There are 2 protein chains.
Amino acid sequence: MSKDSPHAVKQRRRSDQVTLSQVAQAAGVSPITASRALNHPDKVSNRARRSVLEAVERLGYVPNLVAGSLASSRSRLIAVIVPSLVNTVFVEVIKGLQETLEAEGYQILLGNTDYDLDREYQLVRTFLGWSCSALVIAGLRHNKACHTLLDNWDHPIMEVMELGQGMDLNVGLSHVAAGRCMATHLIDKGYRHIVYVGALLSQDYRAGMRYEGHRAVLEAHGLRAPIVELDTLGSLQAGAESLAQVLAQYPNTQAIHFANDDLAAGALLAAQRQGLSIPRDIAIAGFNGLPLGQHVTPQLTTILSPREEMGRLAATELIRRLGGKSVYRRQHDVGFTLQAGGST
Amino acid sequence: MSKDSPHAVKQRRRSDQVTLSQVAQAAGVSPITASRALNHPDKVSNRARRSVLEAVERLGYVPNLVAGSLASSRSRLIAVIVPSLVNTVFVEVIKGLQETLEAEGYQILLGNTDYDLDREYQLVRTFLGWSCSALVIAGLRHNKACHTLLDNWDHPIMEVMELGQGMDLNVGLSHVAAGRCMATHLIDKGYRHIVYVGALLSQDYRAGMRYEGHRAVLEAHGLRAPIVELDTLGSLQAGAESLAQVLAQYPNTQAIHFANDDLAAGALLAAQRQGLSIPRDIAIAGFNGLPLGQHVTPQLTTILSPREEMGRLAATELIRRLGGKSVYRRQHDVGFTLQAGGST
DNA sequence: AAAAGGAATGGTAGCGCTATCATGACAGCG
DNA sequence: CGCTGTCATGATAGCGCTACCATTCCTTTT
């Protein structure tokens, strides 16, 4: 219990990493001045700044961002949570986010929920633990725990992909309107027996919202709105296989409204292999505006969603907000464009 | 200078975030025991563990991972640096990495170099500053500064995509061998006038390596190995446009060996639109084994690279290494498979 | 000329957590 | 009954950085 021995200094530094103090010493300034020279260059004299930068270079100093974040409780990390990376749609949004955020010195911390809301909650928890500067999350639907957690979080939250009233900021498009748009197009083209085909709608509920729009339009025209739900992820393969299933189930189908372009293109290519004429025998429509749709013959009728732009816009809004500027719009509609091809 | 006044306690906590000490207090244990209860559950008594977990739940405690990382100099972050997100190949590797790493409680810090080695260096610097547990980086070619930085870094480094002698661990395939494989296939099929088409080979140097393999085989057979380099990124569009260019430049071309499937599929679809018969008029081969290749008619001859598996394997090896286990192989060849379709 | 303001710099004390060592309690052992 | 060993717990001292306030040395203002 007696502590008469001036017990040896505890030493814990394991790595021989250069620290800011060493840089400061080499530059002949105090650590705090060295810190300022690097982070607020305009707050120090030219002389100090130069000698610090020179010392950084000479010693090969790499700032410890973990320590910096702890001290300042600002991390310049942006958490990005998406349900899937297989679906290129999310990747394109990430790309838009990334190019904008990296240019501003933010880093992306990427999480993938695999369409599991409990997993999403866990990821949010982890990311909050990293004192992220902001959170970007796909979709407006989250579980209770996740909402509770985020309601008490005082950083910007950006919900992307779909338009609606969210927790904080929102950039997206109306999937219901997109579904209505395509359904209207099909009806205008004279089709009356129209089947909607989606994959795993419980997961990809936005495809379900498009169906709702689709159904509303068809029913307003006194038409039935049958739906076929596939139990595998949307893919060319699934689309190809779905064609036979739809025709068997609804023999007089004139047009198929697919939940996305992968399915639609897969069906279109399969139809061609089977000698079906498009759109004479069967019309096909998709959603997303993937490049592939413009390279098949006939070109795929689809709805173009501005995915990279969605990412860029989300990032821009976040940066504005993080810069302390008031945000003039909490909700931002990026819209969509009907791209009528020869397939309908 | 005199410090006689016992100046007021400095208060810096801004956020009202619950801390581990508060949890400890609520649970009636010391902070360090609370820490152990969460991070080394087997080191504390059942009673302590239970009351800590209960307090965590009750207070809604979210661990501050930044503080934890600083104290322990372990972050459970894995830096992943890729040259592009547009190219789905890298996304698939990331997916393989992610599903394996997240299951082990690691998070991915994602960086995108846009094929710029200086940008790559900057990203590496930043990521080292986050005390990442490991680094996964695409490719074996890096700039001088990057090598210097990483040589002095004492964490695992995993270089993926291509096989070869790297800095530390390596998982990939031999692109030279892949190029040889496809060239051999084309020659076996009887083609003699074969053109290689790549896009931005200075960036996508692995496509250049495939060309080297391709050229070696052709020259061994006494054939010339012309190459056409496009100056846009590989895409369906670029492939479609390249077809005319190749035929104009080398009118008696019998087969085109494309650097990847996007180009090849774009050319194949364009050829069909122009009424060319494949492979009678022109044979087409690609690389990657994208799903699209199996859905066009005729099916695309390509080389299947196991991209997700590459990611999974890289992650598994890293985890093994991070777990302190000795690594039985510093280099791992994931191989490739020739997928002969009707297009050649 | 004195007062007031500003710019550059530094000392100090944390940020919230964990590594390290110390301690106490208790079991097993000759 | 002391000795060693294991287990559970705690006190202390950092991890490397930045916020906060204080100080110094100017320049500007009245």
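This structure is a prediction, so every number in the text was calculated from the model and none was measured.
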Ring pair (Phe, Tyr, Trp, His ring centres under 6.0 Å) partners of residues 142-169 of chain A, not counting sequence neighbours, each pair once: A/H142-A/H147, A/W153-A/H155
CG on A/L169 to CD on A/E317, rounded to 0.5 Å: 7.0 Å
Under the side-chain contact (heavy atoms from CB on, under 4.5 Å) test, residues paired with B/D114 that sit two or more places apart: B/N112
For A/A34, all residues meeting side-chain contact (heavy atoms from CB on, under 4.5 Å), sequence neighbours excluded: A/L20, A/A24, A/V29, A/V52
Atom-pair distance (CG on A/L70; P on C/dA13), nearest Å: 18 Å
Pairing stems for DNA chain C [at least three consecutive pairs; Watson-Crick or G-U; under 3.5 angstrom]: C:1-30 with D:1-30
Polar side-chain atom of A/N143 near backbone of A/L117 as donor-acceptor pair, under 3.5 Å: yes
Gap between atoms CG and P, on B/L128 and D/dG16 respectively (whole Å): 15 Å
Length of the CH2-P vector between B/W130 and D/dG16, whole Å: 15 Å
Kindly list each side-chain donor-acceptor pair under 3.5 angstrom involving residues 55-65 of chain B, sequence neighbours excluded, with atom names and distances?
residue, atom, partner, partner atom, Å
B/R58, NE, B/E54, OE2, 2.9
B/N64, OD1, B/V66, N, 2.9
B/N64, OD1, B/A67, N, 3.0

Length of the CG-P vector between B/N64 and C/dC17, whole Å: 5 Å
Listed once per pair and sorted, the ring pair (Phe, Tyr, Trp, His ring centres under 6.0 Å) pairs that draw on residues 90-131 of chain B, sequence neighbours left out: none
A/I108: side-chain contact (heavy atoms from CB on, under 4.5 Å) partners, not counting sequence neighbours: A/V80, A/L97, A/Q98, A/L101, A/L110
Residue list, side chain to side chain donor-acceptor pair (under 3.5 Å) with A/D168, at least two apart or on another chain: A/R321
C/dA19 OP1/OP2 closer than 4.0 Å to side-chain N/O of B/R74: yes
Stretch residues 26-36 of chain A: residues that reach within less than 4.0 Å of DNA chain C through a heavy atom: A/V29, A/S30, A/I32, A/T33, A/R36
Contacting residues from residues 37-60 of chain B, given that a heavy atom lies under 4.0 angstrom of DNA chain C: B/N39
Atom-to-atom span, CG of A/L20 to C1' of C/dT9 - whole angstrom: 14 Å
Summary of salt bridge (Lys or Arg N to Asp or Glu O under 4.0 Å) pairs that have at least one residue in residues 98-112 of chain B, sequence neighbours excluded: A/R119-B/E102, B/K95-B/E99, B/E99-B/R312
Summary of salt bridge (Lys or Arg N to Asp or Glu O under 4.0 Å) pairs that have at least one residue in residues 38-53 of chain B, sequence neighbours excluded: none
Phosphate-side-chain proximity, B/Y61 and C/dG16, N/O vs OP1/OP2 below 4.0 Å: no
